[in-house]
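Just below is one structure, and these are the notes that go with it.
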Amino acid sequence: MRYANLLIPTLREVPSDAEAISHVLMVRAGYIRQLAAGLYIYLPLALRVMRKINAILREEMNALGAQEIALPALHPAEIWQETGRWYEIGDEMFRLKDRTGRDMCLGMTHEEIMTWLAAREIRSYRELPQVWYQIQTKLRDEARPKSGVLRTREFLMKDSYSFDADEEGLEKSYRRHAEAYHRIFSRCGLDFFMVESDPGMMGGGMSHEFMAPSPAGEDEVAICDACGYAANVELALSDPKRNEPVAWQVEEVYTPGKRTVQEVSQFLGIEPRYFIKSLLVISDSGPVLALVRGDQELHEKKLARIIGKHRPAHKDEIRSALGVDAGFIGPMEQKVRVIADTCLQEGTYVSGANRQDYHVKGIVPGRDFTAEWHDITLAREGDFCVKCNAPIRIQRVIEVGNIFKLGTKYSVPLKAMYLDEKGQERPLVMGSYGIGPARIAAAAIEQNHDDDGIVWPRAIAPFDVEILALNMNDPKTRDLAEAFYRDLRAKGIEVLVDDRDARAGVKFKDADLIGIPTQVILGEKNLKDGLVEVKDRKTKEVKKVEAESVVAYLLTLFS
RNA sequence: CGGGGCGUAGCGCAGCCUGGUAAAGCGCACCUGCCUUGGGAGCAGGGGGUCGGAGGUUCAAAUCCUCUCGCCCCGACCA
């Protein structure tokens with residue numbers, strides 16, 4: 001296409017409301033514009049990138065036998081009421097009424113609708129498995145849209161759903177999706193890995209996420225480079241560095257006004273990792289005392305998986321449940337439910353004495369108190385892998401895709417049944433699988449850019465080649481640009497020709513900014529010798545090529 | 001939803017604290033002309049603003065006060 005006619009509004013300055021690199025560059029390079037919080041306009045270049053990504057998604061989904069269909073984005077409430085999610089999901093769901101007063105919502109995901117369809121159209125085990133997908137808009141009233149296109153209120157998603165006769169079939173569908181996802185993200189040029197994750201509101205059993213490392217990400221994963229263990233920190237297991245054994249007698253110590261682990265630790269000259277931190281939370285079924293080692297942090301989500309929804313207790317609740325003020329709580333002789341982190345099973349500790357201004361030294365878990373043992377702490381850099389004992393690292397990542405084993409969570413309430421070989425009615429066993437194409441684009445920028453702008457991976461670049469006709473007033477330059485443009489397109493290469501009547505510097509700057517992987521530079525000096533330059537955006541290497549052989553040379557780059 | 005920040009021309013900002021100079025300013029972008037064409041040129045001329053909105057205080061408000069809307073960041077939340 002011709003630059004002079006295209007809407008590519010590049011900006012010389014950094015937009016004031018953008019922070020993440022991908023956000024800054026997408027705005028600066030003229031890919032997107034913001035309409036409102038979490039709502040973006042995709043300009044021509046961005047749309048081309050999305051189309052490239054979607055084409056890869058379609059190829060890989062079709063290759064695993066998935067069938068593309070299209071579901072509405074506007075849903076009747078009843079279906080969501082049948083699965084209960086109408087009530088479980090809060091403000092994140094856009095809700096509205098139609099003209100007759102009927103409750104409706106905008107689709108934030110499509111398990112319900114896909115299952116509704118399956119309930120009507122799948123009858124027999126002979127039809128299984130089925131895999132259906134769409135690439136369609138999702139709407140979520142996010143509490144906090146952020147980082148440009150990384151977290152928005154309206155976004156495109158490739159979502160697929162598998163329907164199998166049994167767990168064994170689901171296992172196969174799940175594995176095939178995982179493999180397809182590996183191919184998709186590889187083809188898109190991403191650095192990524194698959195981690196274990198928390199199924200969250202999707203319910204069901206196992207789930208994995210596909211994560212692209214980037215400081216702009218919202219998630220953190222724990223990774224063991226030695227054995228390959230990788231999990232979202234929401235559920236990652238790890239062993240903290242062990243305490244050296246100490247031989248303390250049980251002894252009450254006076255700690256006037258010292259409440260936090262830090263204060264008591266300094267006061268007594270004992271490291272925080274020899275403390276038991278006691279935190280009272282209020283769950284739906286009453287108060288629960290959570291115990292973690294003094295140098296560690298309680299992970300709310302891990303605790304929530306054991307005791308359900310909860311919140312920190314207020315001061316008066318602590319006093320009435322435990323009979324002591326916060327800061328001096330200890331696990332000994334407590335009437336409330338006690339959940340302790342597994343690492344506390346060994347060692348000797350200091351904790352609150354359940355008496356104002358006193359702590360107790362020499363606490364031995366198991367002997368001095370009992371508890372339910374669970375992993376409830378946050379995995380940290382330098383902890384040890386539970387599988388191979390090597391040190392783990394924590395990596396910030398962008399979630400670009402996820403896969404869930406749903407089981408019969410949706411098929412049972414929505415009565416999506418089939419008849420098996422014996423004529424028995426059984427619920428379909430389902431999986432669901434999502435990919436956010438915009439996140440792929442943003443992650444690609446996060447992972448591939450330099451000070452001058454974007455460096456697109458070839459497979460998802462908006463164009464294959466940009467021709468920079470440096471001086472459009474030079475007839476030779478103009479004619480050659482036109483000839484290359486024509487010849488390259490004839491070979492199926494997507495070309496952007498910068499035919500603007502602008503100075504060379506402007507064209508160089510814009511070309512680097514928008515990040516098309518290969519630049520063909522037509523300058524008068526080299527043309528005198530019959531040469532043009534082919535520049536690699538990533539390496540900045542320039543190769544001078546005879547004008548006649550440029551097309552052939554470029555073709556070798558794309559093969 | 002809690003905490004913080006910001007709304008002045010298309011973009012980036014100054015002015016506000018301490019109200020008034022004359023005419024709301026600067027850089028970039030934009031329009032016209034000349035000139036220029038290998039890393040965001042130069043000269044000359046020009047267009048574009050209800051200072052986010054509403055109310056108030058005052059002889060006088062971009063500036064002070066109240067309310068409100070919007071956007072960004074941190075946290076909570078997040079298929």
Side-chain angles (χ1 to χ4, degrees), chain A residues 9-20 23-24 27-28 30 33-39 80 83 85 88-93 106-112 114 138-148 150-153 155 157-161 197-204 207 209 216 218-219 232 234 300-301 304 309 311-312 399 401-404 406 409-410 432-436 439 451-453 468-474 477-478 498 500-513 519 521-528 531-533 535 540 542 544:
Chain A
T10 57
L11 264 31
R12 194 182 286 219
E13 282 171 286
V14 175
S16 64
D17 56 1
E19 197 106 331
H23 186 195
V24 170
V27 174
R28 271 200 67 205
R33 286 295 182 263
Q34 184 181 39
L35 175 65
L39 298 174
W80 287 80
T83 61
R85 285 163 117 194
E88 287 163 24
I89 296 170
D91 294 336
E92 212 182 338
M93 181 185 275
L106 301 180
M108 51 194 300
T109 176
H110 281 79
E111 280 75 17
E112 274 79 359
M114 281 283 185
K138 305 286 183 248
L139 295 120
R140 294 179 192 176
D141 198 357
E142 290 286 350
R144 185 148 97 82
K146 57 179 291 198
S147 306
L150 278 175
R151 183 158 216 93
T152 56
R153 296 195 291 175
F155 60 98
M157 179 168 165
K158 187 290 298 174
D159 48 325
S160 45
Y161 304 82
S197 69
D198 178 7
M201 92 168 187
M202 297 299 299
S207 73
E209 292 164 326
E218 296 182 83
D219 288 285
N232 195 308
E234 288 174 5
E300 308 279 344
K301 284 201 173 167
K309 272 204 154 99
R311 59 166 174 83
E399 180 186 348
N402 51 32
I403 55 179
F404 296 94
L406 299 175
K409 178 178 156 115
Y410 297 91
S432 85
Y433 318 87
I435 285 181
R439 284 189 174 178
D451 290 345
D452 294 317
L468 283 72
L470 295 188
N471 184 359
M472 281 301 283
N473 293 324
D474 173 45
T477 303
R478 214 166 47 214
D498 192 343
R500 293 175 297 173
D501 182 19
R503 295 172 62 86
V506 173
K507 297 189 181 189
F508 284 126
K509 287 287 184 189
D510 278 338
D512 287 349
L513 188 56
Q519 299 173 5
I521 300 164
L522 308 185
E524 288 177 275
K525 289 178 195 165
N526 284 311
L527 284 181
K528 268 183 215 147
L531 297 174
V532 303
E533 288 165 74
K535 180 172 157 188
K540 307 215 159 173
V542 175
K544 292 192 184 181

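Letters A, B, ... are given to chains in the order of the sequence lines, protein chains preceding strands, and every chain is numbered from 1.
Rounded to whole Å, the C1' atom of B:G49 lies 27 Å from the corresponding atom of B:G33. Here the separation of B:C6 from B:C16, taken at their P atoms, is 14 Å to the nearest Å. B:U58 and B:G19: their P atoms are spaced 16 Å apart (whole Å). Annotation: B:A23 and B:C28 have their C1' atoms spaced 23 Å apart (nearest Å). The same atom, C1', is picked in B:G15 and in B:G7; the two are 15 Å apart, to the nearest Å. Taking the P atoms as reference points, B:U68 lies 12 Å from B:C1, given to the whole Å. Annotation: B:C67 and B:G2 have their P atoms spaced 15 Å apart (nearest Å). Rounded to the nearest Å, the gap between the P atom of B:G42 and that of B:G4 is 44 Å.
Atom CG of A:Asp510 and atom CG of A:Asp452 lie 11.5 Å apart (nearest 0.5 Å).
B:G12 and B:C26 make up a base pair, with Watson-Crick or G-U wobble contacts both under 3.5 Å. With both pairing distances under 3.5 Å, B:C17 is matched to nothing as a Watson-Crick or G-U wobble pair. Pair assignment for B:A62: none, as no Watson-Crick or G-U wobble contacts are both less than 3.5 Å. Look at B:G40: it lacks any Watson-Crick or wobble partner with both distances under 3.5 angstrom. Applying the Watson-Crick and G-U wobble criteria (two distances, each under 3.5 Å), B:C71 pairs with B:G5. With a cut-off of 3.5 Å on both Watson-Crick or G-U wobble distances, the partner of B:G47 is given as none.
For A:Lys535 and B:G39, a side-chain-to-base donor-acceptor distance below 3.5 Å is present, hydrogens and geometry of angles not being considered. For A:Arg28 against B:G40, a side-chain-to-base donor-acceptor contact under 3.5 Å is present.
Using a 4.0 Å cut-off between charged side-chain N and carboxylate O, A:Glu111 and A:Lys409 make no salt bridge.
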Please determine whether side-chain contact (heavy atoms from CB on, under 4.5 Å) holds for the pair A:Thr477 and A:Leu470, giving the CA-CA distance in whole Å, both sets of side-chain angles, and the decisive distance to 0.1 Å. CA-CA 8 Å; A:Thr477 303; A:Leu470 295 188; 5.6 Å; no
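A side-chain donor from one of A:Lys138 and A:His110 sits under 3.5 Å from a side-chain acceptor of the other.
Look at CZ on A:Arg140: it is 17 Å from P on B:C77, rounded to the nearest Å. Atom pair A:Arg500:CZ and B:A41:C1' shows a separation of 15 Å (rounding to whole Å applied). Atom CG in A:Leu11 sits about 11 Å away from atom P in B:C13, given to the nearest Å.
Within 4.0 Å (heavy atoms only), A:Asp510 reaches at least one base atom of the nucleic acid. Within the 4.0 angstrom heavy-atom criterion, base atoms lie near A:Asp512. Across all strands shown, A:Ala37 has heavy atoms under 4.0 Å from sugar-phosphate atoms exclusively, and none from any base. Heavy atoms of A:Gly523 sit under 4.0 angstrom from at least one base atom. Using a 4.0 Å heavy-atom cutoff across all strands shown, A:Asn526 reaches at least one base atom of the nucleic acid. Residue contacts for A:Lys525: at a heavy-atom cut-off of 4.0 Å it reaches the sugar-phosphate backbone alone, with no base atom in range. Using a 4.0 Å heavy-atom criterion, one finds that A:Ser197 contacts no nucleic acid atom at all. Within 4.0 Å of A:Phe155, counting heavy atoms only, lies at least one base atom of the nucleic acid.
For the pair A:Val14 and A:Phe508, nearest-nucleotide mapping onto RNA chain B gives the more 5' position to A:Val14. For the pair A:Val506 and A:Lys138, nearest-nucleotide mapping onto RNA chain B gives the more 5' position to A:Val506.
In this structure, the nucleotide among B:C72, B:G38, B:G40 sitting nearest to the side chain of A:Asp17 is B:C72. Comparing B:G38, B:G39, B:C74 by their closest approach to the side chain of A:Lys146 singles out B:C74. Each of B:G38, B:C77, B:C72 was ranked by its minimum atom distance to the side chain of A:Glu533; first place goes to B:G38.
Phosphate contact (OP1/OP2 of B:C74, side-chain N/O of A:Arg144, threshold under 4.0 Å): present. Taking 4.0 angstrom as the limit, A:Ser16 places a side-chain polar atom (N or O) nearer than this to OP1 or OP2 of B:C13. Within the 4.0 Å cut-off from OP1 or OP2 of B:G70, not a single side-chain nitrogen or oxygen of A:Gln34 is found.
A donor-acceptor pair under 3.5 Å is formed between the side chain of A:Asp498 and the backbone N or O of A:Arg500.
Of all non-hydrogen atoms in A:Lys507 and A:Ala469, the two that sit nearest each other are NZ-O, 2.6 Å.
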Nucleotides 24-37 of chain B: protein proximity per nucleotide (B base, S sugar-phosphate only, - neither; heavy atom, under 4.0 Å): ---BSS------BB
